[in-house]
Number of protein chains: 4
Amino acid sequence: MTDKKPPVRRSEKSRQAILTAARELVAEYGFAKLTIEAIAARAGVGKQTIYRWWTSKGAVVLDSLIGDTPNGAALPDTGDLATDLREVMRLTAAEMASPEIQASTRAMNVAVQTDPALAEVYRERYLGPALASARDRLASAREAGQVAADADLEVAAEVLFGAIYYRWSLGLGPLDDAYADAVVRLVASGLR
Amino acid sequence: MTDKKPPVRRSEKSRQAILTAARELVAEYGFAKLTIEAIAARAGVGKQTIYRWWTSKGAVVLDSLIGDTPNGAALPDTGDLATDLREVMRLTAAEMASPEIQASTRAMNVAVQTDPALAEVYRERYLGPALASARDRLASAREAGQVAADADLEVAAEVLFGAIYYRWSLGLGPLDDAYADAVVRLVASGLR
Amino acid sequence: MTDKKPPVRRSEKSRQAILTAARELVAEYGFAKLTIEAIAARAGVGKQTIYRWWTSKGAVVLDSLIGDTPNGAALPDTGDLATDLREVMRLTAAEMASPEIQASTRAMNVAVQTDPALAEVYRERYLGPALASARDRLASAREAGQVAADADLEVAAEVLFGAIYYRWSLGLGPLDDAYADAVVRLVASGLR
Amino acid sequence: MTDKKPPVRRSEKSRQAILTAARELVAEYGFAKLTIEAIAARAGVGKQTIYRWWTSKGAVVLDSLIGDTPNGAALPDTGDLATDLREVMRLTAAEMASPEIQASTRAMNVAVQTDPALAEVYRERYLGPALASARDRLASAREAGQVAADADLEVAAEVLFGAIYYRWSLGLGPLDDAYADAVVRLVASGLR
DNA sequence: TTTTAACCGAGACGGTACGTCCGGTCTTGTC
DNA sequence: GACAAGACCGGACGTACCGTCTCGGTTAAAA
């Protein structure tokens, strides 16, 4: 996906095997200890087949983790902004705190830190949609008069996710409901 | 610093040479292309001398960059919270956006992402003081009645820095004064 | 040769380059100062390529020196045993005394002293044929009645070469024609 | 012994500990795997103390093995040369074949092969006396008329020991009484 | 008897080479 | 011609020892 050249004649079976192997190995050993050779071996694939279609370890990993998940589900809209934001933030926090997903997300995060090209893909296909959904919900709240007319919704969305990302990324504290709620309270209050 | 054993008998000259070499090489080539061998070579030091006192490339880099910088300067206190926060956030944003410092900070960030032990050190010696300063300024504002009595200052400080970190880390947009101001506006308003 | 696995798919060019480099480096620096890294560097080859096909420095050296030399030339047979033996012993002595060959032979000797597996190869491909040739000549002399019927030709051959080897190996004295002749005189006389 | 400078003020205790450690380690691991550091550690001695008094690993080993053994015992003289030689050769062969002594002797042999200075010491203090004893016995046999007047006794002695050394050094065959006897028979016959 | 300097243990130091791992490229034979 | 397999060159890894160099502590001769 990430680096596909004009898809001339490509073994879908190999592609899937590679992505699956990458996913498994990241889960088992983490991003740092992951090697192209190990992916090839586990996938039963020649190394060249990986190099033919991806540019780096990070590209494979990103591809394997983003996969075909859309990640663009619209936020719930119960009419009460704080309630809806709270739900999403709690969910996001819980997801990032969950041990099963940790390894993958950390891997993706490191990959993205290291390679601007991957960051581009990551933003477009993963973060962008999530931020857009939040922005949309905020816009609908503004229309409902729950948010000040001059509020910068773009920034508000970023601040919400940024708070969680910051705490998660640097291990500053627990990612529980209380934290999610506190962030939502602050931002929602600031938006009024 | 990071991994010093009971200070047996250690060459201060070598230690400095290693940290300097690490700092330079990170600036020149970035964290990913940095090698222990290169550090040793530039520092005119045996590899063993590095392995004797540090546990990993990341530990050396962190040590070389945190150095002896306190990073705990108190925030200005003009009496107006928004003004003071704006100044600090603008400064922080500008610092992280500046190309000269980019390489170092990215390096430190990757190192920390990869090794929980380093993250611990980073939090204690670098982030902690910065967050504490912000918290202190918010506390003084609360006493001045500019902040609601029940506001969670801890979370507020994190949200402020988190917003900048998020945008910087993932390259979501420009780190200019406008962004810093927007974040401050939202948070300051939320705190009232 | 020494350690070849089922000849999978091996670069003959690299093999030759390695053996040549080993030969040169032994001649230049001697066995003790020889390193695998130096061989790889001079041969323009990855170290792994050496480790893939040989088990040790000694194995490479032995291979490089034994090469494809047969070393099994039959002894001359002029009809007079003493004359023929004298010629071979003089030649052998001169060869081992010659400075150009010294380094190689000493290297091979040390390699063989250190590793029984190499000794095995050395005996079979190098010493064995030489001893066999001598034994054959003695046998023909016995048929001609110049040697006692009950003489142990095997031992006689060993004694001949052993005398030279002993003096050479431990530097007990000059390896000149006089010495070769003295040894031949003693043994030939003992065989009658 | 080997490299002693004017024995200013030297800890006899350390010296003994080093030699003992060297002897033990050679027996346990062989000469190739022996390291100065290991000797120092086992002897409870600083490395410098070894380097102060010896020039190389080989020098320590040689010193530790030659020790103060004279090795110059005169050969028995029963009146019958062949009998006496047979006894000495059998004994020598058995000694070199014995597994307990193997490691030491091989170590000494390798050390000597590698360093001409050690070879010098080895010849003077170890081989020389042994060869001289044999030569003396041959001389007495010549006086008794058992050996031709023009025989080269020097060479004869070398040939005797050389045969055993050759077979032992290169592993050409068993070092049993039969071999010792065969060598003696050939040489004794040649001397008449 | 006190000084003093060499010796000693310990072990850090700048280095070199080790043998291994992996990156990214190239080659071979199969499908 | 894409593919699995894996050899190849290169280069960094982390370790083991080298031989040199402090650093106190201890001795034994000189003062």
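Just so we're on the same page: letters track the sequence lines, and every chain starts at 1.
Between B:Trp53 and E:dC13 there is a side-chain N or O to OP1 or OP2 distance below 4.0 Å. The side chain of A:Arg52 places an N or O atom within less than 4.0 Å of a non-bridging phosphate oxygen (OP1 or OP2) of F:dC3. One finds a side-chain N or O of B:Ser14 lying less than 4.0 angstrom from the OP1 or OP2 phosphate oxygen of E:dG14.
When the local axes at the two ends of the helix from E:dT1-F:dA31 to E:dC31-F:dG1 are compared, using 5 base pairs at each end, they differ in direction by 10° after rounding to 10°.
Each of D:Thr49 and B:Val45 was matched to the nucleotide of DNA chain E holding its nearest heavy atom; the match closer to the 5' end belongs to D:Thr49. Taking for each of C:Lys33 and D:Ala41 the nucleotide of DNA chain E with the nearest heavy atom, the 5'-most of the two is the partner of D:Ala41.
A search for side chain to side chain contact (heavy atoms under 4.5 Å, CB included) contacts involving D:Ala38 returns D:Leu25, D:Thr35, not counting sequence neighbours.
With contacts defined as side-chain heavy-atom distances shorter than 4.5 Å, the pair C:Tyr122/C:Met108 qualifies. Counting heavy atoms from C-beta on, the side chains of D:Val112 and D:Val121 never come closer than 4.5 Å. B:Ile18 places a side-chain heavy atom less than 4.5 Å from the side chain of B:Trp54. Using a 4.5 Å cut-off on side-chain heavy atoms (C-beta onward), B:Arg52 and B:Thr49 make contact. Inter-residue side-chain proximity for D:Ser104 and D:Arg23 is flagged as unmet; no heavy-atom pair is nearer than 4.5 Å.
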>> For nucleotides 23-31 of chain E, give me one character per nucleotide, 5' to 3': B if any protein heavy atom sits under 4.0 Å from the base, S if the only such contacts are to the sugar-phosphate, - if neither.
In response: BBBBBS---
